[in-house]
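Data block below; observations after.
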Amino acid sequence: MIDIIKKYWGYDSYLPLQQEAMQCVLDGRDSIVVLPTGGGKSLCFQAPALAMDGMAIVVSPLISLMKDQVDALKSNGITAASLNSAMLYTEKRDVDRLIQRSQLKLLYVSPERLVNDVFIEYLNSIKISFIAIDEGHCISIWGHDFRPEYRMLGMLKEKFPNIALHTYTATATKQVQNDIASQINLDNPEILVGSYDRPNLIYRVKRADKRFDQICTVIDRHPNESGLIYCIRRADVDEISHRLKVSGYDVLPYHAGMDPEDRRRNQEAFIQEHTDIIVATVAFGMGIDKSNVRYVIHSGMPKSLEHYQQEIGRAGRDGLAADCLLIYSGRDLVIWKLVLSDLEGEAGKIAMEKLYEMSAYCSGVECRHKALVNYFGQDYDKSNCDACDICLDDIKLAEDALIIGQKILSCIIRLNEGFGADYIAKVLAGSRDKRILNMRHDRVRTYGILKDFVHKQIRDWIDQLTSQGYIDRDDEFRTLKVTSSGWRVIRGEETPKLTKAVEYKERDKKVSKVEIDSWEDVDRELYDRLRELRSELAGKKNVPAYIIFGDASLRDMARKKPKDEVAFLGVYGVGRHKAREYADVFIKVMVSYS
Ligand code: ADP
């Protein structure tokens, strides 16, 4: 296997669980493989397909996903094809010819096609090595993206009794795994579940404070690189994309309210790298396999950590550092509550719980990697991830958390639990706000008792107290109340966890180790030249730039500066086919640069 991987893909080793997953395929043992986005699921079935007799069938839910994978395989010199409804008769005939001559190693099809009687008969006359089902969570109604057509795959075991089935997905709880196994009648499957952690993603969570400027700060760190900005509402998409455009950024919008043709064109422009940035609602993302998305910004809080994980999953699939900024505010919570209030019964209750978990994550004070991994039911061993705001900014817990907590809770009580977080924070900071003076709240005893801290800092503390259950927020009026555990704090029987006050301007300066490592020894100017060349070649061939070479390969090239084809083969992600095709042009640019 490792020789095949080196020869076709130019990689020297396995990613976690890839070897085990490939072994299942080679042994013909049914399997369910759960690996995070960027975990290298495709290779788990593509590499064995090359080693085995016959042709592998790959089930994929979207034509765009099939196209992307087939393009990538072809660019590595592997014969692969798809059969789909968008193809012309002549194209289908060409695929049939390849199949009849036993030249095709992988065939991508939709689930509907695979269960079609005529097609099953056709396949029965051909040697099939195995069937791989991509996006396997679509089989289960408990998954986040159930597709009825995937249910029909239940008949495969009957129609192809001697052929192993393998399913691959990035998110599947135990319940979903079991459901997949029983729905498609897997025979004692091997279940391989990787870590949910994405160590190359750098998580930052910030309370909204001039959202637009916060967004621009991240974009400016990534000139000419691809990024996604997620918004809660369509109106936000329109507003932010317009403001960015006016400010000179290369950006396009995407949401379900747009004309389908415009939407398709904008998505295509992003994949082909004719535009750097997409501002979108959650409608954007399915079927985007682009490996070099360097940042994902959430301009508002998502409604659950499942959604958040899914959306940030689109960043850094190539394993290089990528920034994930989540901007949140109390307003986001109110918007979601309103939206979710339509849900009734159990569904409504679950949605609210998930929303509160999301909100608690935002104002949480523990490592973000740990919090996310724990949420999905796994342990996290590292004491410092070196890739989140908590660990990077070295946020320390305040030693005087008890006193600060008591001051905040007392203020809420002094004002008869009749005011919201913003107002309470102002009173504590000693603001000269007209409303406060009119209400004579500058005369209460708690006025200005936290005047050494900025308003934003006090707001953060109020959120931290809320997420730890010391304060309750009234859904309708947003007024704060002290809970029974809050009273324990007031009486000094319990100490909350609050972050040490930070100088806001100082934040964000520290650079993550993953970011430093992914640039180590890279000649940045040369890297930019290589990117220009890549973009030119991609334009000529009409394929996305990352199909030519991923960012990781280009950086390795700008690090090693190979002078001949043999040295070129030593670059990360360069297999024989690509070396033959591209060594000359790339070496020419490197030599002239030197
Ligand atoms: P997934 O489908 O799990 O999200 P992909 O199959 O798209 O992940 O793989 C993510 C990236 O990792 C791709 O660029 C792929 O070429 C790369 N990759 C896969 N296997 C390896 C490996 N063994 N070594 C290095 N990179 C790999």
Side-chain angles (χ1 to χ4, degrees), residues 1-23 25 31-50 58-62 64-78 80 106 108 132-138 166-172 192-201 226 271 285-294 309-322 518 534 544-556 570-575 577-578:
M1 268 306 103
I2 209 78
D3 290 343
I4 288 182
I5 293 172
K6 176 72 188 159
K7 177 174 163 191
Y8 288 97
W9 282 275
Y11 303 136
D12 296 313
S13 54
Y14 297 104
L15 295 177
L17 292 184
Q18 271 186 331
Q19 188 174 12
E20 292 82 346
M22 289 180 195
Q23 197 59 51
V25 180
S31 64
I32 297 177
V33 178
V34 187
L35 284 177
T37 313
K41 286 184 284 298
S42 328
L43 227 67
C44 295
F45 55 85
Q46 289 170 345
L50 300 185
V58 185
V59 180
S60 178
L62 293 179
S64 62
L65 279 177
M66 296 186 203
K67 186 176 173 321
D68 204 72
Q69 295 230 346
V70 170
D71 282 348
L73 285 164
K74 283 186 179 163
S75 77
N76 283 327
I78 298 164
L106 293 122
Y108 284 73
I133 302 170
D134 211 1
E135 311 291 348
H137 57 272
C138 298
H166 308 284
T167 64
Y168 302 86
T169 174
T171 35
L192 298 167
V193 183
S195 164
Y196 272 100
D197 190 35
R198 301 280 314 276
N200 62 314
L201 301 189
S226 299
I271 293 174
M286 181 66 174
I288 304 293
D289 243 356
K290 191 168 160 51
S291 67
N292 60 345
V293 174
R294 292 272 71 87
Q309 174 89 351
Q310 187 80 17
E311 284 145 24
I312 53 178
R314 291 168 189 136
R317 296 179 75 124
D318 52 14
L320 297 176
S518 62
R534 173 176 72 175
Y546 60 89
I547 295 278
I548 308 266
F549 280 123
D551 284 7
S553 298
L554 285 199
R555 286 192 201 172
D556 203 32
V571 171
Y572 174 88
V574 178
H577 187 79
K578 283 193 178 166

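Atoms within a ligand are numbered from 1 in the order they appear, just like the ligands themselves.
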TODO: Please state whether Cys44 comes within less than 4.0 angstrom of ligand 1, counting heavy atoms only.
DONE: no

Open item on the list: If you measure every N or O of Tyr14 against every N or O of ligand 1, does any of those distances drop under 3.5 Å?
Closed with: no

Open item on the list: Considering non-hydrogen atoms of the protein only, which is the closest contact for atom 23 (N) of ligand 1, and what is the distance?
Closed with: Ser13 O, 2.7 Å

Open item on the list: Side chains of Asp134 and Gln69, heavy atoms from C-beta outward: is any pair under 4.5 Å?
Closed with: yes

Task: Straight-line distance of Lys290 NZ to Ile271 CD1, nearest 0.5 Å - done: 8.0 Å

Open item on the list: Heavy atoms only, cut-off 4.0 Å: how does Ala170 contact ligand 1, side chain, backbone, both, or neither?
Closed with: neither

Task: Element-labelled atoms of ligand 1 that are located less than 4.0 Å from some non-hydrogen atom of Gly39 - done: 3 (O), 8 (O)

TODO: Ignoring hydrogens and angles, tell me if any N or O in the side chain of Asn76 forms a donor-acceptor pair with the backbone of Ile78 under 3.5 Å.
DONE: no

Task: Check: Gln46 and Leu73 side chains under 4.5 Å, non-hydrogen atoms - done: yes

Task: Residue, atom name and distance, where the atom is the protein heavy atom closest to atom 19 (C) of ligand 1 - done: Gln18 NE2, 3.7 Å

Open item on the list: Looking at Gly316, is its backbone amide N or carbonyl O close enough to the side chain of Asn200 to form a donor-acceptor pair, meaning the two atoms are under 3.5 Å apart?
Closed with: yes

Task: Sub-4.0 Å heavy-atom approach of Thr37 to ligand 1 - done: yes

TODO: Of the side chain and backbone of Ala552, name the one, both, or neither that has a heavy atom under 4.0 Å from an atom of ligand 1.
DONE: neither

Task: Straight-line distance of Leu201 CG to Arg314 CZ, nearest 0.5 Å - done: 12.5 Å

- [ ] Answer yes or no: is there a donor N or O on one side and an acceptor on the other, between the side chain of Gln18 and the main chain of Gly40, under 3.5 Å?
- [x] yes

TODO: Looking only at protein heavy atoms, identify the closest one to atom 9 (O) of ligand 1 and say how far it is in Å.
DONE: Gly40 CA, 3.5 Å

- [ ] Return yes or no for this condition: an N or O of Tyr11 is under 3.5 Å from an N or O of ligand 1.
- [x] yes

Open item on the list: Return the closest protein heavy atom for atom 2 (O) of ligand 1 as residue, atom name and distance.
Closed with: Arg317 NH2, 3.5 Å

Open item on the list: With a 4.0 Å cut-off on N to O distance, would you call Arg317 and Asp551 a salt bridge?
Closed with: no

Task: Top protein contact for atom 6 (O) of ligand 1, by heavy-atom distance - done: Ser42 OG, 2.7 Å

- [ ] Please confirm whether the backbone N or O of Met1 pairs with a side-chain atom of Lys6, one donor and one acceptor, at under 3.5 Å?
- [x] no

Task: Closest approach of any protein heavy atom to atom 3 (O) of ligand 1, naming residue and atom - done: Lys41 NZ, 2.8 Å

Task: Distance, nearest 0.5 Å, that separates CD1 of Ile2 from NZ of Lys7 - done: 15.0 Å

Task: Residue selection (non-hydrogen contact nearest atom 1 (P) of ligand 1) among Gly38, Gly194, Ser291 - done: Gly38

TODO: For atom 26 (N) of ligand 1, find the nearest protein heavy atom and state the residue, atom name and distance (0.1 Å precision).
DONE: Tyr572 OH, 3.0 Å

Open item on the list: Between ligand 1 and Ile5, can you find any atom pair, the residue atom being a heavy atom, that is separated by under 4.0 Å?
Closed with: no

Task: Proximal atoms of ligand 1 relative to Pro36 (non-hydrogen, under 4.0 Å) - done: 3 (O)

Task: Polar contact flag for Asp318 and ligand 1 (N/O pairs, less than 3.5 Å) - done: no

Task: Where Gly573 and Tyr11 come nearest, the two heavy atoms and their spacing - done: CA-CE2, 3.6 Å

